[in-house]
Amino acid sequence: MSKEPKAKSIIEPRVLKGFRDFLPSMEIPKKAITNNLEKHFRSYGFVPIDTPVLEYTEVLLGKGGGETDKQIFHFKDNGDRDVALRFDLTVPFARFLAQHHSELALPFKRFHIDKVWRGENPQKGRYREFTQCDFDIVGVDNAEADFEILSMMDSSFSVMGVKNYQFCIAHRGLFNAFLAHHGVLEQSVEILRTVDKLRKIGKDEVLALLHELTSDQEKAKAILQYISKEDEQEPFLTTLDRLTALSGGENPFSERMRTIYSYLCNAGIEAHFTFDPSITRGLDYYTGIVYETFLTELPHFGSVCSGGRYNDLASLYTKEKLPGVGSSIGLDRLLAALEELGSPLVASASSADVALFNTDVTQFSTYDRIARAMRKHGLRVSIYLLNKKQGAQYKWAETNAIPFAVILSEDDVQNNTLTLKNLRTREMQNALSTEAAIAVITKELF
RNA sequence: GUGGAAGUAGUUCAAUGGUAGAGCACCAGAUUGUGGAUCUGGCUGUUGCAGGUUCGAGCCCCGUCUUCCACCCCA
């Protein structure tokens with residue numbers, strides 16, 4: 001393309017807008033979190049699945065329409081097929097279910113931790129490539145399944161080490177009952193979108209927009225009354241009673257919420273859950289309970305874990321009735337938030353427990369023998385592979401946040417011992433056996 | 001996709017349209033000798049990229065890319 005050959009012939013290293021590299025300092029905590037989550041999901045009897053990154057565009061767009069169309073990365077493959085990158089893990093899961101439900105025992109509980117892609121304009125905590133941690137239960141539509149997902153959300157945040165979060169939950173069915181009661185159900189999609197903005201633009205703006213939508217001041221006021229809580233601290237059941245009354249009395253949806261809340265109370269985890277009727281979720285496949293999760297210190301970051309019940313999703317691909325409920329943790333957004341909060345979760349990224357110094361390369365096999373013995377005891381041991389002076393080796397260990405160094409003096413080589421240094425306190429212990437050193441390190445670290 | 005702001009060394013920041021600089025970091029050497037000190041030297045830049053105006057552009061103009069913000073939507 002260039003007119004003249006230039007002296008510089010290297011290609012500029014760069015990544016696409018909204019896409020990112022992960023350095024060890026970020027990838028280590030990310031892996032640690034996903035490992036914890038995976039163990040945690042499995043403790044609930046959830047199993048992992050995987051689906052292709054690329055699908056037929058028609059499969060992914062099946063129901064979405066509108067906004068999803070604009071956000072999805074799609075193109076023609078080399079065989080002229082119309083293909084697209086998955087923009088979430090839920091829609092491919094619905095396709096997966098339709099294809100394999102006969103091979104699965106229902107109720108089926110799965111989790112899926114992987115990357116998804118959306119062609120949105122990036123902002124802080126919002127990327128074009130990001131990781132979702134999904135967990136869903138399909139084949140059952142009851143309060144017990146709804147509760148189990150909520151319960152897992154709560155324990156997931158504690159397993160991840162995240163503090164100060166709030167789950168905001170609402171019920172799409174209850175809201176629709178309310179809209180039907182006021183004869184505005186036809187406009188539910190527009191109303192839902194408007195209602196969702198309450199947190200951002202405030203009551204007055206929302207009221208004006210609702211008035212515009214319904215052309216009826218009374219109806220607009222009624223909707224605003226439904227979605228806003230006079231008292232932020234209003235108890236869950238009080239909110240539920242109020243909304244039930246506004247919807248024309250008890251119905252299956254309010255009963256469902258009542259049961260779910262009783263389970264939350266019995267489990268002793270109700271404090272993290274608040275009834276927020278302004279939560280509606282933009283995606284229109286939700287039919288029951290819906291929820292979003294906010295970090296109390298960074299509410300403007302948006303939800304870091306959202307989901308709900310979808311009873312008809314698989315019906316795009318099969319006549320089989322496959323109700324589901326699930327939730328998705330936005331790992332990259334969460335990590336960005338934790339970084340902004342200066343959380344220790346994203347600060348500790350040590351590459352190893354022990355740095356084995358290389359002070360005399362003729363002793364390399366001795367180093368290797370010690371390293372192998374230590375690794376057998378579960379320690380992470382990294383031998384310094386360059387033959388440099390000790391200052392450089394100390395610096396290398398420090399940069400990699402390695403807490404211990406093993407150094408072999410001439411005496412150590414003679415006597416088959418080693419010197420152990422705690423790099424944080426700078427304490428040294430001489431003439432230790434390998435076993436003794438392992439004991440000291442293990443005691444200090446675990 | 002639309003609108004706004006920004007982009008200078010690895011990093012934090014300077015430089016009236018007139019020769020691109022400082023601290024920290026990094027590298028080499030000396031000194032020290034089982035590291036945080038000191039000394040000497042060095043490097044890092046086609047000022048995001050590519051054009052235009054000008055005798056001359058980091059600075060002005062156009063385009064483009066990226067980041068941040070708002071809309072939209074969402075994890």
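Chain identifiers are assigned alphabetically (A, B, ...) following the order of the sequence lines, protein sequences preceding nucleic acid strands; residue numbering begins at 1 within each chain.
Between the side chains of A:D360 and A:T362, at least one donor-acceptor pair of N or O atoms lies under 3.5 Å. A:S151 and A:Y44 share a side-chain donor-acceptor pair at under 3.5 Å. Residues A:Y285 and A:N311 bring no donor and acceptor atom of their side chains to less than 3.5 Å of each other.
Here the C1' atom of nucleotide B:rA75 and the CG atom of A:L335 are 12 Å apart, to the nearest Å. In this structure, A:L298 places its CG atom 18 Å from P of B:rA75, rounding to the nearest Å. Straight-line distance from the CG atom of A:N121 to the P atom of B:rC72: 14 Å, rounded to whole Å. Atoms NZ (A:K200) and C1' (B:rC74) sit 9 Å apart, rounded to a whole Å. The distance from atom CD of A:E340 to atom P of B:rC68 is 11 Å, rounded to the nearest whole Å. Here the P atom of nucleotide B:rU34 and the NZ atom of A:K421 are 10 Å apart, to the nearest Å. Whole-Å rounding puts the A:D332 CG to B:rA75 P distance at 13 Å. A:R126 has its CZ atom 9 Å from the P atom of B:rC74, to the nearest Å.
A:E398 comes within contact range of at least one nucleobase, with a heavy-atom separation under 4.0 Å. Across all strands, A:C133 comes closer than 4.0 Å to no nucleic acid atom at all (heavy-atom distances). Residue A:G119 is classed as having no contact, given no heavy-atom separation below 4.0 Å to the nucleic acid. Contact annotation for A:R281: backbone-only contact, meaning every heavy-atom pair under 4.0 Å involves sugar-phosphate atoms and none involves a base. Using a 4.0 Å heavy-atom cutoff across all strands shown, A:G18 reaches sugar-phosphate atoms only and no base atom. Within 4.0 Å (heavy atoms only), A:Y127 reaches at least one base atom of the nucleic acid. Among the atoms of the strands shown, base atoms are found under 4.0 Å from some heavy atom of A:E120.
Taking the C1' atoms as reference points, B:rU44 lies 10 Å from B:rC27, given to the whole Å. Taking atom C1' on both nucleotides, B:rG41 is separated from B:rG33 by 23 Å, rounded to a whole Å. Using C1' as the reference atom, B:rU67 and B:rU8 are 15 Å apart when rounded to the nearest Å. Rounded to whole Å, the P atom of B:rC74 lies 25 Å from the corresponding atom of B:rG4. For B:rG48 and B:rG58, the P atoms lie 10 Å apart once the distance is rounded to whole Å. Using P as the reference atom, B:rU34 and B:rC26 are 22 Å apart when rounded to the nearest Å. For B:rC62 and B:rA6, the P atoms lie 13 Å apart once the distance is rounded to whole Å. Nucleotides B:rC61 and B:rG45 place their P atoms 28 Å apart, quoted to the nearest Å.
Judged by Watson-Crick or G-U wobble contacts below 3.5 Å, the nucleotide B:rC13 has B:rG21 as its partner. Of all nucleotides present, only B:rU2 satisfies the Watson-Crick or G-U wobble test against B:rA70, with each distance under 3.5 Å. Under the Watson-Crick or G-U wobble criterion, with both distances below 3.5 Å, B:rU34 is left unpaired in every strand shown. Across all strands shown, B:rU46 remains unpaired; no Watson-Crick or G-U wobble contact has both distances below 3.5 Å. Pairing for B:rC27 goes to B:rG41, judged as Watson-Crick or G-U wobble with the two contacts each under 3.5 Å. The nucleotide B:rG7 finds its pairing partner in B:rC65, both defining distances of the Watson-Crick or G-U wobble pair being shorter than 3.5 Å.
Applying the 4.0 Å criterion to OP1 and OP2 of B:rU66, one finds that A:R14 has every side-chain N and O outside that range. Taking side-chain N and O atoms only, A:Q393 has no distance below 4.0 Å to OP1 or OP2 of B:rG35. Residue A:K395 places at least one side-chain N or O closer than 4.0 Å to OP1 or OP2 of B:rC26.
Judged by a 6.0 Å distance limit and a 45° cone about the ring axis, A:K30 is positioned over the six-membered ring of A:F22.
Among B:rC71, B:rU31, B:rA75, the nucleotide with an atom closest to any side-chain atom of A:S303 is B:rA75. Of the candidate nucleotides B:rC26, B:rA70, B:rA75, B:rA75 has the atom lying nearest to any side-chain atom of A:R118. Taking every side-chain heavy atom of A:P122 into account, B:rU67 is the closest of B:rG35, B:rC73, B:rU67. In this structure, of B:rU67, B:rU31, B:rG35, it is B:rG35 that holds the atom nearest to the side chain of A:Y394. Nearest to the side chain of A:K124, among B:rU31, B:rG35, B:rC68, sits B:rC68. The listed nucleotides are B:rG33, B:rC72, B:rG35; the one nearest the side chain of A:L423 is B:rG35. Distances were taken from every side-chain heavy atom of A:K197 (C-beta onward) to each of B:rA75, B:rU34, B:rC73; the shortest belongs to B:rC73.
A:S303 contributes a side-chain N or O that, together with a main-chain N or O of A:T293, makes up a donor-acceptor pair within less than 3.5 Å. In this structure, the side chain of A:T296 engages the main chain of A:N164 through a donor-acceptor pair within 3.5 Å. Side-chain N or O atoms of A:D332 include one that pairs as donor or acceptor with a backbone N or O of A:T131 at under 3.5 Å.
Between A:V15 and A:V304, the residue anchored closer to the 5' end of RNA chain B is A:V15, taking for each the nucleotide with the nearest heavy atom. Of the two residues contacting RNA chain B, namely A:G302 and A:T419, the nearest-nucleotide position lying further toward the 5' end is that of A:T419.
Considering A:V304, A:I279, A:T280 as possible partners of A:E292, the one that fulfils the side-chain contact (heavy atoms from CB on, under 4.5 Å) test is A:I279. Remark: of the listed residues A:F108, A:F111, A:Y310, A:F46, A:Y310 is the sole one forming a side-chain contact (heavy atoms from CB on, under 4.5 Å) with A:D136.
A:K389 contributes no side-chain N or O that forms a donor-acceptor pair with the base of B:rG29 under 3.5 Å.
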